[in-house]
Amino acid sequence: MITDSACIFCKIVAGDIPCFKLWEDERTLAFMDINPANPGHALAIAKNHAPDIFSLPPADLAAAAATAQRVALALRAVLAPAGINLVQANGPAAAQSVPHLHIHILPRRADDGLALNWEPIPGDMAAIGELAARVRAAIV
Ligand code: 5GP
Ligand code: ZN
């Protein structure tokens, strides 16, 4: 397993720091967030250490996504929230505070005031199309 001795989530994977565990399998772990934005706020991680979406191998990302889905289904069964957001941050400007890739599973209530949502404002189609061409060309 790839691990970083300075990483708080690697310490949770190793059992050196406790967590409220929800699910564990060979590749992944899910546990409650200790600073819940809403009741039921949970995190799904790959056990292998990788800071972000740029560095996590696709198989680990797929496994973490499957675990997030399992937890979302359980949260829906237990809490019947009005909605659930999956949130995954990369880099300080995206508000990532723990550099071990994690997927937030975040139950939502109507009018819970969490500042995650934005109003859709129609874009400039020419600019969108031009950017799409540049990104398409960069996909490997
Ligand atoms: P980020 O800001 O990187 O998207 O999310 C990191 C999350 O990890 C935060 O929601 C924070 O509350 C949570 N967190 C930080 N340290 C610990 C910890 O030691 N245990 C648990 N369970 N969650 C943690
Ligand atoms: Zn780590």
Side-chain angles (χ1 to χ4, degrees):
M1 191 185 313
I2 300 166
T3 191
D4 177 339
S5 58
C7 170
I8 191 137
F9 286 176
C10 284
K11 289 179 183 166
I12 288 175
V13 169
D16 295 338
I17 290 181
C19 72
F20 295 101
K21 190 184 294 186
L22 298 171
W23 172 262
E24 180 170 17
D25 58 33
E26 197 183 340
R27 274 186 189 270
T28 74
L29 183 67
F31 50 96
M32 302 301 279
D33 194 305
I34 52 166
N35 306 298
N38 266 337
H41 184 175
L43 302 168
I45 66 172
K47 290 181 174 178
N48 279 325
H49 178 85
D52 52 32
I53 193 76
F54 310 113
S55 50
L56 189 70
D60 277 334
L61 180 62
T67 291
Q69 183 184 40
R70 271 182 202 282
V71 172
L73 287 163
L75 286 170
R76 186 178 66 166
V78 171
L79 293 173
I84 292 181
N85 281 116
L86 297 188
V87 181
Q88 193 277 310
N90 302 282
Q96 183 180 19
S97 60
V98 175
H100 179 133
L101 186 140
H102 48 281
I103 302 170
H104 295 261
I105 308 107
L106 182 55
R108 299 298 304 270
R109 300 182 303 254
D111 305 322
D112 61 14
L114 290 184
L116 278 176
N117 304 328
W118 54 88
E119 291 298 319
I121 299 171
D124 174 337
M125 294 303 141
I128 293 169
E130 191 212 326
L131 204 44
R134 289 170 56 198
V135 175
R136 204 158 38 236
I139 291 179
V140 292

Practice task
Indicate yes or no for a side-chain donor-acceptor contact from N38 to the backbone of P107 under 3.5 Å, with no hydrogens or angles considered.
Solution key: yes
Exercise for the section: Measure the SG-NE2 distance between C10 and H49 for me, rounded to the nearest 0.5 Å. Expected result: 5.5 Å
Practice task
Report yes or no: does Q96 contribute a side-chain atom to a donor-acceptor pair with the main-chain N or O of P51 at less than 3.5 Å?
Solution key: yes
Completion exercise
Sorted by chain and residue number, the ring pair (Phe, Tyr, Trp, His ring centres under 6.0 Å) partners of H104 (sequence neighbours excluded) come out as H41, H102
Handout entry: P81 vs R109 side-chain heavy atoms within contact, under 4.5 Å
Key = no
Handout entry: Side chain proximity check, L106 to L114, heavy atoms < 4.5 angstrom
Key = yes
Problem - ILVMFWY network linking I105 to F20, side-chain heavy atoms under 4.5 angstrom - result: yes
Exercise for the section: Kindly say whether A42 contributes a backbone atom to a donor-acceptor pair with the side chain of D33 at under 3.5 angstrom? Expected result: no
Fill in the blank from the handout: Smallest heavy-atom separation, A89 atom then A94 atom, equals CB-O, 3.3 Å
Problem - Intermediate values then yes/no, side-chain contact (heavy atoms from CB on, under 4.5 Å), E130 and I128 - result: CA-CA 6 Å; E130 191 212 326; I128 293 169; over 6 Å; no
Practice task
Side-chain contact test, heavy atoms from C-beta onward, threshold under 4.5 Å: evaluate it for Q69 versus T67 and give yes or no.
Solution key: no
Exercise for the section: Would you give the length of the straight line joining atom CD1 of I53 to atom CG of L61, rounded to the nearest 0.5 angstrom? Expected result: 4.5 Å
Handout entry: Close side-chain approach of R70 to L73, heavy-atom, < 4.5 Å
Key = no
Practice task
State whether the number of non-hydrogen atoms from other residues, nucleotides or ligands found under 6.0 Å of D124 atom CG is greater than 12.
Solution key: yes
Exercise for the section: Say whether, by atom type as modelled, one donor and one acceptor occur between the side chain of K47 and the main chain of E24 under 3.5 angstrom. Expected result: no
Practice task
Using modelled atom types only, decide if a donor and an acceptor are shared between the side chain of D60 and the backbone of A63 within a distance under 3.5 Å.
Solution key: no
Completion exercise
Students should find that the hydrophobic cluster of L29, defined by side-chain heavy atoms under 4.5 Å apart, otherwise consists of M1, I8, F9, I12, V13, I17, F31, L43, I45, V98
Practice task
Search all heavy atoms of P99 against all heavy atoms of S97 and return the closest pair with its distance.
Solution key: CD-O, 3.7 Å
Handout entry: Minimum-distance pair of heavy atoms, taken over all atoms of L79 and P39
Key = CD1-O, 3.6 Å
Handout entry: Side-chain (N48) to main-chain (I2) donor-acceptor, under 3.5 angstrom
Key = yes
Completion exercise
Interatomic distance, CG@L101 vs OG@S55, rounded to 0.5 Å, equals 7.5 Å
Handout entry: N85 side-chain N/O to V87 backbone N/O, donor-acceptor pair under 3.5 Å
Key = no
